[in-house]
Structure formats: C-alpha cells, structure tokens
Amino acid sequence: QVQLVESGGGLVQAGGSLRLSCAASGSISRIGVMGWYRQAPETQRGLVAIITSGGGTDYANSVKGRFTISRDNAKNTVYLQMESLKPEDTAVYYCRAVGVTSSGTFYPGPYWGQGTQVTVSS
C-alpha cells in the first residue's frame, strides 16, 4: 500500500515563503511522476507543479518564477518551495504520485496525500 504524507503548510504573510514536503511510504523502488495540486474553497483541484523521475518539471502559469518543485528519489520525497506568496495562493495543497513500483509490482495510481493547508494573509 502506498501512502503519501504532506507537511509544511501553515499561515504566512503575503510575500513570505513556505516549503512543502511529501513523503511516500511503502516498499517503493520507483515513482514515475510526483506533483502538487491545490484546491481553494468552491474551486476545482488544479495543477501547481509536477516533476518526473528524471527531473523534468512543469508549472502552472500562475506560479512560474515563484514556486520550485524538486524531489529526492532515494527518499521518495517531493518538495515545493514557495516564494513571494500571494493571498490567491491560499488553498489546500495535495501531493500526487503516479506510476509507483513497490515490491516489484507496478501500480499506476494515482495516489493522493491528505492535503496540507496553506493560508496567505494580505
């Protein structure tokens, strides 16, 4: 069973920074794509950033130049460094993993974390 656990959310003033972490647990040997999504109240969950196992990245236009996604494959962990935060970044942030190899078996997923709240005050 693959579980994703996020941490690092909280309350920050506009212009501040936060770093989110998401660790995947289980007997995992490889994760294909990991990413961050967010959902504000009364909106649909949307992409923030994704990163492949080889380090390729993609970002939502709204966070380009402010957010940086990275991963540590040895730790099965993905990070999201968020700079110059704005009130409109306020949302629950979810970690997602696709293409997980665990104990020699491939699981396409996707797998989601429980979410972590990020609140940016003006």
Under 3.5 Å, which donor-acceptor pairs do the side chains of residues 15-31 form with other protein atoms, sequence neighbours left out?
unit_1: S17; atom_1: OG; unit_2: E83; atom_2: OE1; d: 2.4
unit_1: S25; atom_1: OG; unit_2: Q3; atom_2: O; d: 3.4
unit_1: S29; atom_1: OG; unit_2: T101; atom_2: O; d: 3.3
unit_1: R30; atom_1: NH2; unit_2: S53; atom_2: OG; d: 3.0

Provide the closest heavy-atom pair for C95 versus V78 in the form atom of the first, atom of the second, distance. SG-CG1, 3.8 Å

Distance-minimising heavy-atom pair for S70 and I51: CA-CD1, 3.8 Å

Hey, could you give me the CZ/OH distance between R45 and Y94, rounded to the nearest 0.5 Å? 4.5 Å

Co-membership, hydrophobic cluster, residues V92 and Y111, 4.5 Å side-chain: no

As an exercise, state the distance from NZ of K86 to OG of S122, rounded to the nearest 0.5 Å. 14.0 Å

Closest non-hydrogen atoms of R38 and A91, given as atom of the first, atom of the second and distance, are CB-CB, 3.8 Å

Which atoms form the tightest heavy-atom contact between R96 and V98, and what is the distance? NH1-CG2, 3.4 Å

Mind checking the CD-OG1 spacing from Q117 to T90? Nearest 0.5 Å is all I need. 7.0 Å

By the ring pair (Phe, Tyr, Trp, His ring centres under 6.0 Å) test, which pairs, at least two apart or in different chains, include something from residues 6-39? Y37-W112

As an exercise, state the distance from CZ of F67 to OG of S84, rounded to the nearest 0.5 Å. 9.0 Å

Does D89 reach the side chain of M82, with side-chain heavy atoms less than 4.5 Å apart? no

Would you call T68 and Y79 a side-chain contact if the rule is heavy atoms closer than 4.5 Å? no

Does the Q114 side chain pair with the main chain of V5, one donor and one acceptor, at a distance under 3.5 Å? no

Looking at every non-hydrogen atom in both residues, tell me the closest pair between I50 and V33 and how far apart they are. CB-CG1, 4.1 Å

State whether the side chain of R71 and the backbone N or O of T52 hold a donor-acceptor pair below 3.5 Å, judged by distance alone. yes

Counting only N and O atoms by type, is there a donor-acceptor contact under 3.5 Å from the side chain of Y59 to the main-chain atoms of R66? no

